Amino acid sequence: MSKHDYDARKQALLDDIREVMDDVESLYQNGVEAGSDEAKAAKAKLQEKLDAAKEKLIRFEEEAAERVKHHAEQARDKYETFKDEAGKRFDEGKRRFAEFEEEARQSVRDRASQADDAIRDKPYYAMGIAALAGLVVGALLNRR
């Protein structure tokens, strides 16, 4: 049932209810003013319309309940799909992060090893660079 059909049926049901209410008012007016034969005929007509409106309301409620159930099932299916996809993506992200972490750890180890080798090969250069760095830092701190 499309949104347009739903709205049209809802409007028809409301129109039926308004018509029954108008007939109740008419019955009341006729009951006060007229005799019992007219009141009985109006009451029978009102009962028919009331029964028809009740039947339409019951069908409308059943169809609305089915629509709600259908949409709830669709939402549940979409949620499950989203949950599964999110879980897969999260697991993939964890795996990639673990790979990145291992690569970074290995890179740091390699660079530290290279620096250690350079210091062992040329210790006087390392001491000179360290002294120069200390001099620069000292000069910057004394400028205050």
Side-chain angles (χ1 to χ4, degrees), residues 1-122 125-126 129-144:
M1 174 174 31
S2 70
K3 172 93 169 125
H4 178 69
D5 291 341
Y6 177 79
D7 289 339
R9 293 181 76 188
K10 182 173 94 174
Q11 188 59 42
L13 180 62
L14 290 174
D15 290 343
D16 286 345
I17 291 171
R18 282 188 196 104
E19 187 176 328
V20 168
M21 294 305 294
D22 290 342
D23 288 343
V24 167
E25 186 178 350
S26 172
L27 176 64
Y28 176 74
Q29 293 295 332
N30 288 339
V32 171
E33 296 171 0
S36 64
D37 290 338
E38 289 177 6
K40 287 180 183 178
K43 183 178 177 182
K45 180 181 173 186
L46 176 63
Q47 188 62 44
E48 286 176 21
K49 288 183 179 181
L50 184 60
D51 290 342
K54 283 181 183 179
E55 183 62 33
K56 284 182 181 179
L57 180 61
I58 289 169
R59 282 188 305 220
F60 181 76
E61 287 175 339
E62 289 171 352
E63 289 176 9
E66 283 297 317
R67 287 185 70 176
V68 168
K69 182 180 175 183
H70 173 72
H71 289 296
E73 288 172 359
Q74 283 182 333
R76 192 175 305 113
D77 291 343
K78 286 182 181 180
Y79 168 75
E80 289 299 324
T81 302
F82 175 76
K83 181 179 156 186
D84 292 343
E85 185 65 29
K88 288 177 186 175
R89 289 185 182 207
F90 182 73
D91 291 342
E92 176 68 17
K94 282 182 8 182
R95 185 188 61 77
R96 285 185 178 181
F97 182 75
E99 288 175 1
F100 172 75
E101 182 181 25
E102 185 57 37
E103 288 174 8
R105 182 178 294 125
Q106 189 61 40
S107 178
V108 168
R109 283 183 188 152
D110 291 345
R111 299 293 180 208
S113 177
Q114 287 175 354
D116 189 46
D117 290 344
I119 291 171
R120 288 180 194 275
D121 289 344
K122 301 177 183 175
Y125 286 141
I129 291 173
L132 181 62
L135 183 66
V136 169
V137 169
L140 292 174
L141 290 176
N142 283 332
R143 287 180 127 191
R144 287 189 189 187

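Every value quoted in this text rests on a predicted model; they were computed, and no experiment measured them. Values reported hereafter were calculated over all heavy atoms of this structure, with side chains retained and with hydrogens, waters and symmetry mates removed.
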Query - Derivation of the side-chain contact (heavy atoms from CB on, under 4.5 Å) call for E66 and E62 - result: CA-CA 6 Å; E66 283 297 317; E62 289 171 352; 5.7 Å; no
Pair R95 + E99: basic N to acidic O under 4.0 Å: yes
**OP:** Please examine the side chains of R59 and E55, heavy atoms only from C-beta on, and report whether any two atoms are closer than 4.5 Å.
**Re:** yes
So side-chain hydrogen bond (donor to acceptor under 3.5 Å, both in side chains) across residues 77-88, not counting sequence neighbours, yields E85-R89
| field | Stepwise salt bridge (Lys or Arg N to Asp or Glu O under 4.0 Å) test for R76 and E73 | value | CA-CA 5 Å; R76 192 175 305 113; E73 288 172 359; 5.3 Å; no
Applied to residues 106-118, the side-chain hydrogen bond (donor to acceptor under 3.5 Å, both in side chains) test, sequence neighbours excluded, yields Q106-D110, R111-Q114, D116-R120
| message | Testing the 3.5 Å rule here: is there a donor-acceptor pair between the side chains of H70 and Q74? | response | yes
